[in-house]
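Data first, discussion second: the structure below is written as C-alpha cells.
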2 protein chains.
Amino acid sequence: MSTSSPSPEASQSSRGAVSPKGPSGPRSRRERPAKSALSLDAIVEAAVRIMRAEGLQRVTMRRLAKELDTGPASLYVYVANTAELHAAILEEFLGAVELGPAQEAGADGGDWCDRLVALLVSYTHVLFEHPSLAHSALVARPAGPNYLALVEAVLALLHEGGVPDGQAAWGVDVLLQVATATAAEQATRDETVSADDEDQALIRSLHGVSAGTHPRIAALGGDLYSGTPGQRIAWIFRAVINGTLNTPRTPA
Amino acid sequence: MSTSSPSPEASQSSRGAVSPKGPSGPRSRRERPAKSALSLDAIVEAAVRIMRAEGLQRVTMRRLAKELDTGPASLYVYVANTAELHAAILEEFLGAVELGPAQEAGADGGDWCDRLVALLVSYTHVLFEHPSLAHSALVARPAGPNYLALVEAVLALLHEGGVPDGQAAWGVDVLLQVATATAAEQATRDETVSADDEDQALIRSLHGVSAGTHPRIAALGGDLYSGTPGQRIAWIFRAVINGTLNTPRTPA
DNA sequence: ACCTGAACACCGTTCAAGT
DNA sequence: ACCTGAACACCGTTCAAGT
C-alpha cells in the first residue's frame, strides 16, 4: 500500500494525431507547451495537468480550453459534456490501482479476502488523492479498460473465495460502490472548509440527544464515530465481503 | 411501501417570525405569495417549492432569491452556502421516511431484518423522488432531528436483531451510505439524458470483452446487470445487514 | 470534418452601503 | 441586526460562420 502517485500515461495511445494543424505557417517555436493538435488524449492530458495543479473543481470546459489555447466550443468535438470529461479523467487515474495482489494466486498476499480488501483499499487511495473524482465516479460510471480490469480483478478474487456466481455478480457492484462512496465522503471532509464544522455539528447532535427519545444513540455514544478511518474502512470491506459470501439471492 | 409523497411540513415551526418587516407601508394586498419575512423556514419552504416544480438543480441562491423577491445576498444571513441549503432541504424531506415498522416490536411487520430492509427501502424511495437530493446526502450529512430519528430507528432494529453494539455503531453508517449511494446512482440514470447511453456503453464494454483477458466478466456475462432494481436493492440491504451481523470488529 | 468567436443564459459569493 | 444593489469572477452549451 505505498500509495504511489498515479501515473495516467497508460492506455489511450495517440491514434494518428500527427499535427493535422495544416499548413498555416509554423507558430513561433515555443510560446507555450506547443499548442499540439486537439485530440481526446491531449484534452485528458491537459485536464489531468490542471487537476494536479488546481483541483478537479477547476477542470471546467472554459479553463481547459484556455489551457489548450482555444475556445470552449472546440472541446465539444471530443467530449459530449463535462460529466463525460470527468469520467475520462477518472478512467485515466484508475490505471494507478494496484491490481497485482489480486492476480497472483500465491499465498504471499494473504487469503483471498485480505487481498480483496487490499485491492479495494488501493482503489480508495487513488480516489483519495483527488477526492472530487470519487464524486464523479458515483455519478458517471466509467466504461474504459482500466475500470474493466478493476471489475475483473474483484470478480477473480470473489471466485477464488468460492462466492457463488450470482452473488459475485451483484456483489462486485456493491463493493465498488461502497469503496467509492466512502472515498467521496471522506473526500468532502478533507476538502471543504466547513466540513469540520459539519462533523462537529453532527457529533454535537449525537451527544445532545436525550436517552428518552433516542435510547440507542445515547447507549452507543462515542462509539458511533470511533476508530480511525483506516480501521473503519477495513471493517466495512470485510463486512460487505462477508455479506456477499453469505447472502443467497433468493431469500430463505 | 406506499411511497406517499413527502410532506416536509413537520419540524421547524416558525420561531417568532411575525412580519418584522417594519412600518414601511403595507404592500398591495396580493401581488405575490406575500413576500413574507425572510427566515430559515421561509427559505426552505420556497426551496422545496422550486424543487418540486423545477428540480433541485434549479434551487440556486439566485433563483431562490428571485422566488423570495429579494437579492441573493440576503440569503447568506440564514445559510452559509449552497451545500448547507441543500442539506436543510434534505432534512425536511427525511420527515417523510416511514419509521413506523421500525418502532413496533410486534411481529406484524416481519422479523427485524425484514423491517430494517423496509425502513431502508422507504428511505431510498424518498431520495428517489428527488434524486439529486441523494447526491447532496453523500456530500453533506444532515444533522437535524429527522436524520437523528432515522439513525435511531436503524440502531433500534440492529439492537433488536442482537447485533453487537460495536458492529451496530459502524454498521448504521454503511447501511445509510449504501442506501444513499444506490439512490444517487439510480438517480443519475433516471435524470440525465445521456445516462442510458452510458449504461449501454458499459453493457457493450462488458459484452465486448474477451474471455482471454477478462475470464470472470465473460463467465458471468449478463448476470452482472440482471435483476430488477428492486430485487437488487433488497439483496444489497440483506447482504450488508448480514455482514454487519457477522463481522467482528477485530479480525480473526 | 474540424475548429472558432461570440453570444445566451446562467452561476456563488462578497462587500460597502443602507435601514 | 438585518437587508440590499451592484459587482467580481466565473460557469456550460449552442450556433452560425469559417477553414
Side-chain angles (χ1 to χ4, degrees), chain A residues 14-25 27 35-43 46-47 50-51 54-89 132 136 139-140 191-194, chain B residues 14-25 27 35-43 46-47 50-51 54-89 132 136 139-140 191-194:
Chain A
S14 54
R15 52 258 164 78
V18 207
S19 181
K21 227 292 142 178
S24 60
R27 299 179 122 255
K35 167 114 180 165
S36 56
L38 237 40
S39 69
L40 218 200
D41 290 347
I43 288 172
I50 296 172
M51 188 173 48
E54 308 171 38
L56 185 66
Q57 79 279 152
R58 289 283 171 222
V59 184
T60 66
M61 290 301 214
R62 291 181 108 106
R63 174 72 186 80
L64 188 50
K66 205 168 291 174
E67 180 81 9
L68 289 164
D69 217 359
T70 181
S74 306
L75 304 178
Y76 285 83
V77 178
Y78 301 95
V79 282
N81 49 48
T82 308
E84 199 173 297
L85 172 65
H86 287 187
I89 298 174
S132 28
S136 297
V139 174
E191 263 190 349
T192 318
V193 194
S194 64
Chain B
S14 55
R15 52 255 166 79
V18 206
S19 180
K21 226 291 146 180
S24 60
R27 297 177 124 258
K35 166 117 181 164
S36 57
L38 237 41
S39 69
L40 219 199
D41 290 348
I43 288 172
I50 297 172
M51 187 172 50
E54 308 171 37
L56 185 65
Q57 80 277 154
R58 289 282 172 223
V59 184
T60 65
M61 291 301 213
R62 291 180 108 106
R63 175 71 187 79
L64 189 51
K66 205 169 290 174
E67 181 80 9
L68 290 164
D69 215 1
T70 181
S74 307
L75 304 177
Y76 285 83
V77 178
Y78 302 96
V79 281
N81 50 49
T82 308
E84 200 174 295
L85 172 66
H86 287 185
I89 298 173
S132 28
S136 297
V139 175
E191 264 191 350
T192 317
V193 193
S194 65

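Remember, it's a predicted structure, so these values are computed and weren't measured experimentally. Below, chains carry the letters A, B, ... as their sequence lines are ordered, and counting in each starts from 1.
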A:Glu54 CD to D:dC10 P, in whole Å, measures 10 Å
Least distance between heavy atoms, B:Arg58 atom then B:Ile50 atom: O-CG2, 4.0 Å
Once you round it to whole Å, what is the distance between P of C:dG5 and NZ of A:Lys66? 13 Å
Under 4.0 angstrom between B:Thr70 side-chain N/O and D:dC3 OP1 or OP2: no
Does a side-chain N or O from A:Tyr76 land closer than 4.0 Å to OP1 or OP2 of C:dT4, or not? no
Between CZ of A:Arg63 and P of D:dG12 the distance, given in whole Å, is 12 Å
Minimum-distance pair of heavy atoms, taken over all atoms of A:Tyr78 and A:Leu40: CD2-N, 3.8 Å
C:dA1: pairing nucleotide in any strand, Watson-Crick or G-U under 3.5 angstrom: D:dT19
Indicate the atoms forming the closest heavy-atom contact of B:Ala65 with B:Leu75, along with that distance. N-CD1, 3.9 Å
Heavy-atom closest pair (A:Val79 atom, A:Glu84 atom, distance to 0.1 Å) is CA-OE2, 3.8 Å
Grab the CD-C1' distance between A:Gln57 and D:dG12 for me, whole Å please. 17 Å
Upstream residue (5' side of DNA chain D) when A:Arg58 and B:Pro72 are each assigned their closest nucleotide: B:Pro72
Using every non-hydrogen atom in the two residues, find where A:Leu56 and A:Ser136 come nearest and quote the distance to one decimal. CD2-OG, 3.9 Å
How far does the C1' atom of C:dA17 sit from the matching atom of D:dC2, given to the nearest Å? 13 Å
So which nucleotide from C:dC11, D:dC3, C:dT4 ends up closest to the side chain of A:Leu38? C:dT4
Of C:dT14, C:dG12, D:dT13, the nucleotide closest to the side chain of B:Ala73 is C:dT14
Round to a whole Å and report the spacing from CG of A:Leu64 to C1' of D:dC10. 16 Å
To the nearest Å, give me how far apart CG (B:Leu75) and P (D:dA1) are. 20 Å
Report the distance from atom CG of B:Leu85 to atom C1' of C:dC11, rounded to the nearest whole Å. 14 Å
For the residue pair A:Leu64 and A:Ala47, what are the closest heavy atoms and their distance? CD1-N, 3.6 Å
Would you mind pulling out the nucleotide paired to C:dC8, Watson-Crick or G-U wobble, both distances under 3.5 Å? D:dG12
Among D:dC3, C:dC3, C:dT13, find the nucleotide with the atom closest to the side chain of B:Met61. C:dT13
Given atom CD1 of A:Ile43 and atom C1' of C:dC2, what is their separation to the nearest angstrom? 12 Å
Within the structure, does a side-chain N or O atom of B:Thr82 lie under 4.0 Å from either OP1 or OP2 of C:dT13? yes
Between D:dA9 and C:dC10, how far is it from one P atom to the other, in whole Å? 23 Å
Winner on side-chain proximity to A:Tyr78, out of D:dT4, C:dT13, C:dC3, is C:dC3
In whole Å, what separates the C1' atom of D:dC11 from that of C:dC8? 12 Å
By nearest nucleotide on DNA chain C, pick out whichever of A:Ser74 and A:Arg62 is the more 5' one. A:Ser74
